[in-house]
Protein chains: 2
Amino acid sequence: MKIDPKKPADLSAQIAQAIRDAIISGELIVDERLPSEAELSEQFQVSRPTVREALKRLAAQSLIRTQRGASGGAFVNRLSFEGAYSQQITTSTLLLSMNAVSFDTACEARFALERACAALSAQRRTADQLATMRAEIHRQSQPGLTDEAFCASDVAFHRALVDGAGNPVLSYQLAGAVEAMQPLMNMITFTARSREAIIAFHNQIADALEHGDSTKVDAALVSLENYTRQLAQDVAQQRRKPA
Amino acid sequence: MKIDPKKPADLSAQIAQAIRDAIISGELIVDERLPSEAELSEQFQVSRPTVREALKRLAAQSLIRTQRGASGGAFVNRLSFEGAYSQQITTSTLLLSMNAVSFDTACEARFALERACAALSAQRRTADQLATMRAEIHRQSQPGLTDEAFCASDVAFHRALVDGAGNPVLSYQLAGAVEAMQPLMNMITFTARSREAIIAFHNQIADALEHGDSTKVDAALVSLENYTRQLAQDVAQQRRKPA
DNA sequence: AATTTTTATTTGTCTGACATTTAAAAGTCT
DNA sequence: AGACTTTTAAATGTCAGACAAATAAAAATT
């Protein structure tokens, strides 16, 4: 674990990379304690603030955690799926908002991924996951539901669908796409009209899933995708020439 | 953009979050310059090293870049797909290596995603992308090719396939899955035997793609997935009882 | 007018210090 | 001896002040 002393700028970035490499290569294993900041600064021949900046970089990526006190220090994190979600979502959100990805593109990607999950989910979904979906549909039918609550329930429904595939890697991948799109999705579910239609699609999906009919699940998702894209177009058009 | 002065610990994390929120909410826009470190430390009532630690956290997520000199400072980054790849890959690699995700699970997710792309790619792939795939297949057939070069070409082939979908969000999502799996994939392509089989599948895919036959592309990918999983099982078994 | 020099600003780094947290060691009492 | 309390040491968290290096704008010079 060494750094190049010839490149003077960005020492903290170099040190962070060196430690990162050590973690990825397995040289440092999960829950192992890194040397103290004082020892690291000695080892890399830099000051403690520089070492600290490097450690903060790694902390930002959830690669390490720090603990104060006598037997404290920096420890290698076991990266959990849950922990990775938030990063994924932050990154995806920024990508969508800053890079001017069209709603259509994001929508297509999201449903393409979801349909891939749905095929597996039709075979594997547990009774519990199906019950969750039914319960969310029921909640979505409540008259007094706020838009935010409807959207949250919508996410929960699709989350259960995806989790039904029983593949945490897929769940992880999709969480980013779905949640990042949510702000954009919100604005198109603002009428009771579209709620009814969406609930109808959800029922189609749940029914098909109950019978393990992956073809019908796929068809329902395609319909939902088309409906969603159409709604988004209408919203965009309405904005162009408002009442 | 404020922080809670009552929670004394982790000031740099709080400041980083405050700035991060400002970026996500659009309060700070792309290429806008943040206040100087001195001004930020004044604004948040903390010392400059603390501000710097916060900025390094953001830099680790590629949310900002810094520049020295008179009109230098920290600037909000336009998050590019390319920039997001590396983070995605780092995270995915760690998830796979530390969380003991089985090869089967990772493999299933990867091919599920890839098949989702392939359906779109069959409709949209450009002649250029098809040519890239053919060229990679040709390279893979070279006798003296090292294992590393073969694997790199393999990645390039699938990359072209995925890019053929013309959906950068999908390309981004898949890049993480494919590249994170590569180290695991490497060990199963160590015989000339498996290379031949893999090349055959690649040819099937390219042929089907040339004719826009998404059904055949799908079938070829399923076959490749099964073959890959079988190879991985064999490798695992061979390790259990070596010669 | 073009070029060079100076200057001011900003990040990068260092030194040294103190505060806070925490676990272990030492001490004390029953 | 054992349980409880106090002390201590080690580690991170934070601060203040300083200098180095880079860089662009301003000033001076040719």
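The chains referred to below are lettered A, B, ... by the order of the sequence lines, with proteins before strands, and numbering in each begins at 1. What's counted below: heavy atoms across the whole structure, side chains too, no hydrogens, waters or symmetry copies.
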*Nearest to side-chain heavy atoms of K56(A), which nucleotide of dG13(D), dG12(C), dT9(C)*: dG13(D)

_Whole angstrom value for the distance that separates P of dA11(D) from CG of L55(A)_ = 14 Å

_Residue pair Q173(A) / Q88(B), side-chain heavy-atom distance below 4.5 Å_ = yes

*Answer yes or no: is there a side-chain heavy-atom contact under 4.5 Å between L113(A) and V162(A)?*
no

*Between dT11(C) atom C1' and F75(B) atom CZ, what is the distance in whole Å?*
11 Å

_Selected nucleotide, minimal atom distance to A70(B) side chain, candidates dG12(C), dA8(C), dC15(D)_ = dA8(C)

*Mind checking R33(A) for me? I need base, sugar-phosphate or nothing, with any heavy atom below 4.0 Å counting as a touch.*
sugar-phosphate

_Atom-to-atom span, CD of Q67(A) to P of dT21(C) - whole angstrom_ = 14 Å

_Out of dA24(D), dG12(C), dC15(D), whichever nucleotide has its closest atom nearest the side chain of L11(B)_ = dC15(D)

*In whole angstrom, give the distance that lies between atom CD of Q14(B) and atom C1' of dT14(D).*
13 Å

*Between dT12(D) and R52(A), is there an OP1 or OP2 to side-chain N/O distance shorter than 4.0 Å?*
no

*Among dT13(C), dA21(D), dC15(D), find the nucleotide with the atom closest to the side chain of E53(A).*
dT13(C)

*Check every atom of dC15(D), dT15(C), dT10(C) against the side chain of S47(A) and return the nucleotide holding the closest atom.*
dT15(C)

*asked:* Side chains of L79(A) and S62(A), heavy atoms from C-beta outward: is any pair under 4.5 Å?
replied: yes

*asked:* I need the CD-C1' distance between E37(A) and dT15(C), as an integer number of Å.
replied: 15 Å

*asked:* Using the rule side chain to side chain donor-acceptor pair (under 3.5 Å), only one of Q17(B), R57(B), K56(B), R52(B) pairs with S12(B); which is it?
replied: R57(B)

_Residue mapping more 5' on DNA chain D - nearest nucleotide basis, Q45(B) or A38(A)_ = A38(A)

_Lys/Arg N to Asp/Glu carboxylate O, D163(B) vs R124(B), below 4.0 Å_ = no

*Any R68(B) side-chain N or O less than 4.0 Å from OP1/OP2 of dA24(D)*: no

*Using only side-chain N and O atoms of T66(A), determine if any of them is under 4.0 Å from OP1 or OP2 of dG13(D).*
yes

*What integer distance in Å separates L58(B):CG from dT11(C):P?*
14 Å

_Output the rounded distance in Å from CG (D10(B)) to P (dT12(D))._
13 Å

*How close or far is atom C1' of dG13(D) from atom CD1 of I64(A), stated in whole angstroms?*
14 Å

*When the nearest nucleotide of DNA chain C is assigned to S71(A) and to R48(A) on a heavy-atom basis, which residue is associated with the more 5' position?*
R48(A)

